[in-house]
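So the structure is just underneath, and the comments pick up after that.
Hydrogens, waters and symmetry mates play no part in the numbers below; they use all other heavy atoms, side chains included. None of these values were measured; they are calculated from a predicted model.
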2 protein chains.
Amino acid sequence: MSTVAIPRGTDTKERLLRAAEGIFGRHGYAGTTLRAVTAEAEVNLASANYHFGSKEALVMEMLRQRVAPINEERLRLLDEAKRKAEFGPIPLEDILEALIMPLGGAARGQDGTDLSFLQLVGRSFSEPAEFMRRVHDTFFRELAEVFMGEIRRSCPQATEADLWWNLHFAINAMLGSLSQCRRVEAMSNGICEAADLDGMLNRLVAFLANGFQANTPPSRTV
Amino acid sequence: MSTVAIPRGTDTKERLLRAAEGIFGRHGYAGTTLRAVTAEAEVNLASANYHFGSKEALVMEMLRQRVAPINEERLRLLDEAKRKAEFGPIPLEDILEALIMPLGGAARGQDGTDLSFLQLVGRSFSEPAEFMRRVHDTFFRELAEVFMGEIRRSCPQATEADLWWNLHFAINAMLGSLSQCRRVEAMSNGICEAADLDGMLNRLVAFLANGFQANTPPSRTV
DNA sequence: ATGTGTTTAAAACATAAGTTTGAAAAGGCA
DNA sequence: TGCCTTTTCAAACTTATGTTTTAAACACAT
């Protein structure tokens, strides 16, 4: 049932964060019970509240530690692409790569690929819990603005509405597809392999880069 | 807090299904409590178990009643497109329209556009609850096969892996984007309007049709 | 060694939620 | 009307879960 056991000797706070990560990824916020987390972490139930104050605070801290480095890497890659483009418009594909590829790096732990981490990121977006919305605003609103700035420069012919809609589609395709990547294996009867992270991410980037080139046609009746 | 009140006179079973619909859409499966549902339906708490046997059965029945007509409409549109193409390969855009447009019709109730219905559909995909996975397999596995059959005929040059991955991206973009369509309004500071259902769906179809044309490039290192 | 602040432990508490129960009310039919 | 079935209702039951409490164990400086 559980994933790789958390090594003994690790201090309690760290063990809690690690256990929360796996359980949140697999079962979502509501399904993350402190009893399950403390059991997997092999620590006492009360220690969760002792160290973090509340379940919300524990999950928030876990997300912060996991998401912050990814966003830093995203901005770093975006900056790198900017310099590569000599501060002119960045090719859209490079922008999307900067957004997407850091997720691959983060999912590749020391003990192989951890797909439940991708679920975790996806859930942080789709969770209905009210406080998760705040979480997301905290971590992603500013990032979206920065990326939108570059996208705008790269697609001068598109309207603002076009760009925001396309970014919306891209973000949701990214989070949904990665979060649910196990499903494509089942659907395709094993032809697609989610464990091939690079393959998956490259396909995703190509798909979204193409999608972005859609100049939205005028509304038509269906 | 609640949406439009459910008209009195409606029989209990119907009231429960309608209330469950709105609450499930807004708060997900775990957040759908029988107490909240029966309160919104203005019926007694015990009636949920009396009429449906369990919370799972109530939600399942609600989903069945909502999803089944959509899938029928999807197959009808696909068939229509097939005949329009004189039983040759169907244009990819038409296939995607058959998949997506019925969601718009379903979200347009008698009292205006009901965006929470789109959330409902999206959640039925992303919910971590184990039984929701079964729900989904029940309703969508066969549908995916049928659509894949047509997609395959329309893209003879692509590999099976290409097609399944692209379909995966498209489905997740569709469900995620529609489910979270409120967010694009916030992100764009009101430039994008989710209430304009036709506009949103047309943009989505265009985006995905373009994305599908991505011939996945060979894996490259990043 | 002793005292002090920190961490862990077991148990209890309070609340929320799915379900069950038994009686009352409503509906239908001879 | 009288009888039977179906439905509604209020209340209780059971379990799950976040949180708190109190004491013991521990770490470490004096």
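Remark: B/Phe169 engages A/Phe207, B/Trp165 in a ring-ring contact (aromatic ring centres under 6.0 Å, His included) (not counting sequence neighbours). Applying the ring-ring contact (aromatic ring centres under 6.0 Å, His included) test to A/Phe140 and every residue at least two apart in sequence or in another chain returns A/His136. Listed by chain and number, the residues in a salt bridge (charged side-chain N to carboxylate O under 4.0 Å, His left out) with A/Arg133 are A/Glu130, A/Asp137 (sequence neighbours excluded). Under the rule for a ring-ring contact (aromatic ring centres under 6.0 Å, His included), B/Phe117 has no partner lying at least two apart in sequence or in another chain. For B/Arg74, the salt bridge (charged side-chain N to carboxylate O under 4.0 Å, His left out) criterion is met by no residue, not counting sequence neighbours. Partners of B/Glu142 according to the salt bridge (charged side-chain N to carboxylate O under 4.0 Å, His left out) rule, which considers only residues two or more places apart in sequence or in another chain, do not exist here.
One can place CD of B/Glu42 at 13 Å from P of D/dA10, the figure rounded to the nearest angstrom. Between B/Leu45 atom CG and D/dA10 atom C1' there is a gap of 10 Å when expressed in whole angstrom units. With rounding to whole Å, A/Tyr29 atom OH is found 13 Å from D/dT17 atom P. Between B/Leu34 atom CG and D/dA12 atom P there is a gap of 20 Å when expressed in whole angstrom units. Protein atom CZ of A/Arg35 is 16 Å distant from nucleotide atom P of C/dT15, rounded to whole Å. Atom CZ in B/Arg15 sits about 16 Å away from atom P in D/dT7, given to the nearest Å.
Distances shorter than 4.0 Å separate none of the side-chain N or O atoms of B/Thr33 from OP1 or OP2 on C/dA16. Contact annotation: B/Asn44 side-chain N/O to D/dA10 OP1/OP2 distance is under 4.0 Å.
Annotation: salt bridge (Lys or Arg N to Asp or Glu O under 4.0 Å) contacts involving residues 44-54 of chain B, sequence neighbours excluded, are absent. Counting only residues at least two apart or on different chains, no ring pair (Phe, Tyr, Trp, His ring centres under 6.0 Å) pair has a member in residues 183-202 of chain A.
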Quiz: residues 52-59 of chain B side-chain donor-acceptor pairs under 3.5 angstrom, not counting sequence neighbours:
residue : atom : partner : partner atom : Å
B/Ser54 : OG   : B/Ala57 : N            : 3.1
B/Lys55 : NZ   : B/Tyr29 : O            : 3.1
B/Lys55 : NZ   : B/Thr32 : O            : 3.0

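The stretch residues 46-58 of chain B touches DNA chain D through B/Ala46, B/Tyr50, B/His51, each having a heavy atom within less than 4.0 Å of the strand. Residues of residues 59-66 of chain A that place a heavy atom closer than 4.0 Å to DNA chain C do not occur.
Residue A/Thr38 is classed as having no contact, given no heavy-atom separation below 4.0 Å to the nucleic acid.
B/Glu61 has a carboxylate O that lies under 4.0 Å from a charged side-chain N of B/Arg64, or vice versa, which qualifies the two as a salt bridge.
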Can you give me the N/O atom pairs linking the protein to nucleotides 24-26 of chain D at distances under 3.5 Å, or say none if there are none?
none

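Screening A/Arg26, A/Arg18, A/Arg15 for a salt bridge (Lys or Arg N to Asp or Glu O under 4.0 Å) involving A/Glu40 leaves a single residue, A/Arg26.
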